[in-house]
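Structure record follows, encoded as structure tokens.
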Amino acid sequence: MVINLENVYKIYKMGDTAVHALDDVSLKIDEGEFVAIVGPSGSGKSTLMNILGCLDTPTKGKYEFEGRDVSRLNDNELAAIRNRRIGFVFQNFNLLPKLTALENVELPLMYAGKSAAFRRKRAREMLEAVGLGERLHHKPKELSGGQQQRVAIARALAADPPVILGDEPTGNLDTKSGREIMEIMKTLNKNGKTIILITHDLNIAKQAQRNVHIQDGKIVKDEKVVG
Amino acid sequence: MDILQTIKLAFRGIIDNKLRSFLTMLGIIIGVTSVIGLVSIGQGTTAKVTEQIQSMGANLLTVNIMGRGANTTLSYEQAMEFLKSPYISGVAPIISDSVTVEHGNENEENVQLQGTNEYLPAVRNYSVSSGRFFISQDVDMRRKVAVLGSGIASNLFGFVDPIGQTVKIKGYNFKVIGVMKSSSSMMGSTDEQVFIPITVAERILQSRGVRTIYIQAAGKEAVSSAKTEISTKLDKIYRVKSEDENYAYRIFDQSEMLDTINETSKTMTMMLGGIAAISLLVGGIGIMNIMLVSVTERTREIGIRKALGARKIDILNQFLIESLVLSGIGGVIGVAVGYLLSWGLGKAFSMSTKTTLPVVLIAFGFSIIVGVFFGIYPANKAGNLKPIDALRYE
């Protein structure tokens with residue numbers, strides 16, 4: 001089991017009132033699954049994503065990632081998980097604007113302590129794999145949205161993590177680019193990666209194998225997608 | 001974490017924000033420049049003063065005689081007694097007066113006539129530019145020979161070689177045997193002086209009194225012994241009972257003077273450097289300020305990096321290196337400008353400046369320390385950002 005959430009709460013204090021962004025959430029995800037977490041905005045799906053990605057910690061409850069209790073890990077161990085076990089793909093790409101595509105893809109490898117030569121080679125391969133072999137030295141703003149997201153995917157894959165977390169990865173893209181990104185995701189899943197997508201778009205969610213519906217911080221429906 | 005890569009990125013960041021980076025570095029540049037410039041001036045002055053004092057002659061003791069009661073001077077013979085001391089290698093007593101020197105229709109008024117002996121050039125580190133200084137026979141035989149200061153020589157003789165010519169002093173004819181090399185020091189110049197044997201001076205000035213004696217100690221170690229011996233002798237002559245009531249003579253010790261002046265100028269140099277160092281500190285605060293702005297501006301970047309696996313130390317290093325690169329470049333430019341400044345000041349105002357390697361290293365090192373010190377807080381702030389807060393930052 002890659003992910004095991006047990007009775008997880010995330011509570012934010014907003015003035016005097018406590019907001020339950022996650023309210024007693026339990027969720028298990030196995031290796032090789034392709035899961036879409038679906039919900040309207042404000043449902044708590046982003047909070048869930050942040051906790052799954054070890055970017056945030058639950059207020060209460062247990063989260064095990066690959067069998068390790070995340071609440072017991074220190075900052076450096078969490079950083080190592082984010083670096084080597086999880087690849088992030090964000091809605092707004094989150095590329096560093098001053099770095100070239102190649103340098104952006106190299107970042108996780110740099111934090112993994114890989115040599116410059118290895119980084120360069122690996123980043124080039126990743127970019128070629130997502131069809132950007134001709135755009136290695138372009139800055140993000142010189143690329144289209146779809147291309148930027150492909151750079152982000154190459155970056156997410158660079159350190160070869162078993163889990164890919166996508167936070168509305170097609171949200172800022174036109175239909176055609178969105179479809180391309182989803183195709184890449186499906187291929188990755190076929191190649192053995194565990195894919196977890198956050199989306200509010202049911203058409204995107206349909207392409208996953210399993211849909212977890214979340215509303216008001218609670219999982220309301222967890223279903224296999226048929227067809 | 002790749003240090004080289006980080007340094008490269010820091011440079012790129014500086015180039016991307018040229019004006020801001022320059023203004024930030026300006027504080028450090030001005031700081032380092034002023035440290036180097038001011039300390040160079042201080043050290044240059046010290047070196048020059050030291051050189052001037054040393055040029056007065058090595059291990060020089062100057063004895064001024066005020067005398068006691070009617071006995072206000074020392075005789076030449078009494079003065080030469082000092083030469084018997086093993087601690088003393090040269091004694092040059094002086095009898096002096098203001099005279100008029102004539103040659104043909106030319107005359108020079110208010111010339112310092114110095115009656116002395118053959119030891120003077122060695123004791124005072126003087127030398128002749130042409131001809132020779134007088135020797136012991138000239139003194140013993142009371143020869144009427146004169147050595148002219150370079151100013152006197154050119155005023156009286158113009159382009160004519162004065163050697164072998166005759167000048168008239170107090171109605172006596174003197175044969176010019178040498179011209180002094182032009183010199184100027186704190187202790188006055190020989191340019192407007194005329195030197196004659198002391199034995200002759202005694203007669204023509206009708207004065208038997210020596211008021212000034214230049215004495216050369218036999219070595220650096222002999223200076224204090226020589227001084228004691230001179231005092232003992234003079235105390236006996238003038239019946240001085242204790243140091244407190246000694247109004248009869250004064251002994252000036254060149255090395256003592258040197259120490260005093262060195263001490264003073266060292267203090268001055270330190271003070272100048274200290275004032276300049278304050279501007280380095282202000283430059284550091286400038287760096288801290290801009291680094292804090294930079295951390296806030298780049299919160300999102302920090303979030304992205306943390307999401308990709310950057311540890312606290314990675315982020316901290318990144319910002320620390322940027323601050324170091326800023327202060328380091330500022331330091332290098334400051335060193336260059338400081339060098340130029342001290343060189344330019346030296347040229348423009350004929351000031352003596354001396355830029356030594358330790359000062360450059362200290363100033364540069366200080367700029368680096370400032371970079372680290374004022375970079376730590378912003379870098380730490382960046383490193384401590386929670387990934388989720390940083391990512392959410394708009």
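Labels below follow one simple rule: chain letters A, B, ... track the order of the sequence lines, proteins then strands, and each chain is numbered from 1. All values below were derived from every heavy atom in this structure, side-chain atoms included, with hydrogens, water molecules and symmetry-related copies excluded. The shown structure was predicted, so the numbers you read here are calculated from the model rather than taken from an experiment.
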Please give me the minimum heavy-atom distance between B:K312 and A:N76, naming the atom from each residue. N-OD1, 4.4 Å
Answer with side chain, backbone, both or neither: which region of B:D16 has an atom nearer than 4.5 Å to a non-hydrogen atom of chain A? side chain
Indicate the atoms forming the closest heavy-atom contact of A:N94 with B:L391, along with that distance. ND2-CD2, 3.4 Å
Between B:G303, B:P387, B:G13, who has the most heavy-atom pairs with chain A when the cutoff is under 4.5 Å? B:P387
Looking only at non-hydrogen atoms, find the nearest pair between A:R82 and B:A310 and report the distance. NH2-O, 4.2 Å
Nearest 0.5 Å, what's the CG-NZ distance between A:N50 and B:K386? 12.5 Å
Within-4.5 Å side-chain heavy-atom neighbours: B:K8 and A:E103: yes
Is the shortest side-chain heavy-atom distance between B:R12 and A:L99 below 4.5 Å? yes
Close side-chain approach of A:D75 and B:R311, heavy atoms under 4.5 Å: no
Tell me whether the count of non-hydrogen atoms from other residues, nucleotides or ligands lying under 6.0 Å of CG in A:D216 goes above 12. no
Given heavy-atom pairs under 4.5 angstrom as the criterion, report whether the side chain, backbone, both or neither of A:N74 touches chain B. neither
Let me confirm one number: the NZ-CD1 distance from A:K98 to B:I15, rounded to the nearest 0.5 Å. 11.5 Å
Crowded around A:E142 CD? As in, over 12 foreign heavy atoms under 6.0 Å? yes
Please say whether more than 12 non-hydrogen atoms of neighbouring residues, nucleotides or ligands are located less than 6.0 Å from OH in B:Y339. yes
For chain B, which of A:E106, A:K114, A:R84, A:R155 has the most heavy-atom pairs under 4.5 Å? A:R155
Where does B:L9 contact chain A at under 4.5 Å (heavy atoms): side chain, backbone, both or neither? side chain
Taking every non-hydrogen atom, the tightest pair across B:A307 and A:F90: CB-CZ, 4.1 Å
Heavy-atom pair of closest approach, residues A:L96 and B:I304: CD2-CD1, 3.9 Å
Between CZ on residue B:R300 and CG on residue A:N92, distance to nearest 0.5 Å: 4.5 Å
Can you confirm whether B:Y377 is buried at OH, in the sense that more than 12 heavy atoms of other residues, nucleotides or ligands lie under 6.0 Å from that atom? no
Other residues, nucleotides, ligands: >12 heavy atoms within 6.0 Å of A:Y12 OH: yes
